[in-house]
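Positions are given from 1, in the same order as the sequence printed here.
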Amino acid sequence: MGFFNTHKSNLIFWLILAVSLLPALAFFTNIYLRSDMAILSVFAERFLGGGEFLYDFWDTNPPLSIFIYIPPVLLTWLSGIPVYYTVHIFTITLLIIAVILLHFQLRYISHLEKDVKDIIIVGFLITNCILCFNELGQRDQYIIFGLLPFIVMQINFSFQNKIPHTLAYSTGFFGAILILLKPHHGLIPTLFILYRVIKHKNIKSAFMPDFWALTISTAVYLVYMYVFIPQYFSVMLPTTFDFYVRHFATNIIIYLFLFGYGLALMLATIFTFKHDQDHRRNVAFFVLITLASFISFAALGRGFYYQFLPSLTLFMITGLLYVYYVIPKSIFPDTRKYYITAITVVMSYALIFYSFPVLPTHTSFRNMSLPKTVQEVCPDDCSLLIFTYSHIPTWQLTVYNNVQFASRFPYFWFIEQIAENLNAKPDSNEESKSLTKEKQDYYRKKFLRYVREDFQKYTPDVIMVMDHFRVHNEPINFFEFFSKDPYLQDVFKEYQFVKNYKYVVSDYYRNVSFSIDGEPIEFQIYKRVNDPDKITGEQ
């Protein structure tokens, strides 16, 4: 048997792996909070303060995307620890829970050898501690935290393995709640339930704890939304479909081609060469669930890296199992797991060292030009409105500068499609790819009303206006666009031009070792004065 098959060696293995992952976790938790997490934390705080969906905050994802950041906000309130740390404390807590549930679920799968079970956990940890890059704490990462233990539990049910009810329901509800962050990821659990019914040829086999956890969680979620957030179904969801669903990011094709090719290669080679039937089945199984995860990823059509984390985790596990099985047992009879883990950790660190753009830390971000400029014109507790179409590092200002975010919108994502026909040439037939002219007019009036209501509620002290935004190569003037509302036209007269501010990506990275050149993003900064007659600056 040797040392490598002893209980002591296994403890040392996990201890060394944990120590090897700590630098990545320490590094990423010290990176400034990503835009999504910053603004969703602000929205969660508004919700706890009595705010309402649609009227106080608008996120294009289902409400649970905001609710999931309530624990970090509460921890901040109770402890005084800044939210950009409590988000990561919450994330690592969920990660630990996921690993514990995954470990105990794997114990009941008798047909998998112990090293294979360990490889599954290793792939999960390396992806979500190292290859998550600076997306630690994103909602999509939380999804795989719940999804993988849930899948392993469903494998147990498919093989009719007996597991304790406490473990089953704790895994079930933990997984179901996190899967519901973006419900289309429920595709894999649904396929498992259908597979179980077909395999056992008995409809009763569907009614296991995984089914009840999904059903009860979904039902409670829907009832809550219909009773307390009906505006999500009547206004927010239809608007999201009109503005987002018809768009498809081209980089999704690249993701699917590269990783799909890798899966096909693994599947083809393991079936071509002589391998144990169980090995083939295990690899084929993870190939299939990874492909199902790819479908969930592609469904939204956005193609952001953090949205790919569930698929990447499953791909990593599939790849490590494949490598484990194709290495002849005679070469490394007791040490394959150790070599594979060590090489994967080293390669993962090499990858992020080579390709990761080193972003500012919490401290260095506060010392950069954007936060300093905002601090100068908009001190603590000031109300700030930023007219921007992109999510450059402006949402973080509410977290690091302690300013009030004077809008229900993270940024004005709707303006491009509404403005498309306004900027189309009179003799052209150009029309929005997503919206008819009638819908554009409808949404223009609606969003003008929303912005007017936000001005009445928040009364921004300072307005920052992006200057370079274009549609059909024609510039969009935010003041001009929103001045179509008579109230806003009068309100804008209360703001006096203060200064110009230019944001360049290479300037933004000036305090770190990696910089990127890009098109400057220019802002005009305006400050509200009590007496419009005293305005002397440029409007």
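For Phe304 and Phe133, the distance between ring centers is not under 6.0 angstrom. Taking the six-membered ring where the residue is Trp, the centroids of Phe28 and His88 are separated by 6.0 Å or more. Phe315 and Phe259 have their aromatic ring centers within a separation under 6.0 angstrom.
Across every non-hydrogen atom of Thr86 and Ile81, the tightest pair is CG2-O, 3.6 Å. The two residues Asp115 and Lys337 have their closest heavy-atom pair at OD1-NZ, 3.4 Å. Looking at every heavy atom in both residues, Leu167 comes nearest to Gln105 through CG-NE2, 3.4 Å. Considering every non-hydrogen atom in both Pro238 and Phe233, the closest pair reads CD-O, 3.2 Å. The minimum heavy-atom distance between Ser311 and Thr290, with the atom names listed, is O-CG2, 4.0 Å. Here the shortest heavy-atom pairing between Leu131 and Leu309 reads O-CD2, 4.2 Å.
The backbone N or O of Ala26 lies less than 3.5 Å from a partner atom in the side chain of Thr29, making a donor-acceptor pair. Of the possible donor and acceptor atoms, one in the side chain of Ser20 sits under 3.5 Å from a partner among the backbone N and O of Leu17. Listed for the Tyr32 side chain is no donor-acceptor partner under 3.5 Å among the backbone atoms of Arg366. A donor-acceptor pair under 3.5 Å links the side-chain atoms of Gln154 to the main chain of Pro189, judged by distance alone. Side-chain N or O atoms of Asn156 include none that pairs as donor or acceptor with a backbone N or O of Asn161 at under 3.5 Å. In this structure, the side chain of Asp56 engages the main chain of Glu52 through a donor-acceptor pair within 3.5 Å. Arg139 contributes no side-chain N or O that, together with a main-chain N or O of Leu181, makes up a donor-acceptor pair within less than 3.5 Å. Using a distance-only test at 3.5 Å, with no hydrogens or angles considered, no donor-acceptor pair links the side chain of Ser364 to the main chain of Pro360. A donor-acceptor contact shorter than 3.5 Å is absent between the side chain of Tyr325 and the backbone of Asn282. At distances below 3.5 Å, not a single donor-acceptor pair connects side-chain atoms of His185 with backbone N or O atoms of Ile179.
Using a 4.5 Å heavy-atom threshold, the side chains of Ser170 and Leu101 count as touching. Between Thr239 and Phe414, the closest side-chain pair of non-hydrogen atoms is not below 4.5 Å. In this structure, Ser35 and Tyr411 have side chains that are not in contact, with every pair of non-hydrogen atoms separated by 4.5 Å or more. Under the 4.5 Å side-chain criterion, counting only non-hydrogen atoms from C-beta, Tyr322 is in contact with Thr269. Taking the side chain as every heavy atom from C-beta outward, Ile188 and Ser293 approach each other to under 4.5 Å. Side-chain contact check for Ile163 versus Phe104: every heavy-atom pair is 4.5 Å or farther apart. Between Ile317 and Leu148, some side-chain heavy-atom pair lies under the 4.5 Å cut-off. Using a 4.5 Å heavy-atom threshold, the side chains of Tyr169 and Met153 count as separate.
If you check the side chains of Glu113 and Tyr324, you find a donor sitting under 3.5 Å from an acceptor.
Annotation: cation-pi pair Lys182/Phe297 absent, no NZ/CZ under 6.0 Å from the ring centroid and within 45° of its normal.
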Going through the checks in order, is the ring-ring contact (aromatic ring centres under 6.0 Å, His included) test met by Phe43 and Tyr69?
CA-CA 9 Å; Phe43 288 170; Tyr69 290 99; over 10 Å; no
Ile193 and Arg196: side-chain contact (heavy atoms from CB on, under 4.5 Å), yes or no, with the steps?
CA-CA 5 Å; Ile193 294 172; Arg196 195 163 68 228; 4.1 Å; yes
Go through it in stages, so that I can follow the logic: the residues are Gln141 and Thr91, the test is side-chain hydrogen bond (donor to acceptor under 3.5 Å, both in side chains), and I'd like the CA-CA distance, side-chain angles, deciding distance and then a yes or no.
CA-CA 9 Å; Gln141 187 179 37; Thr91 300; 5.4 Å; no
Let me see the working for Asp278 and Arg281 under salt bridge (charged side-chain N to carboxylate O under 4.0 Å, His left out), right down to the final yes or no.
CA-CA 5 Å; Asp278 284 344; Arg281 180 190 61 190; 3.2 Å; yes
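Relative orientation of the Phe47 and Phe57 rings is perpendicular, given thresholds of 30° and 60° on the angle between their planes.
In this structure Phe90 satisfies the ring pair (Phe, Tyr, Trp, His ring centres under 6.0 Å) test together with Tyr142, sequence neighbours excluded. In this structure, the ring pair (Phe, Tyr, Trp, His ring centres under 6.0 Å) partners of Phe192, at least two apart in sequence or on a different chain, are Phe285.
A distance of 13.0 Å separates CZ of Phe173 from CG of Leu178, quoted to the nearest 0.5 Å.
For Tyr226, the OH atom is loosely surrounded, since the number of other residues' heavy atoms within 6.0 Å does not exceed 12.
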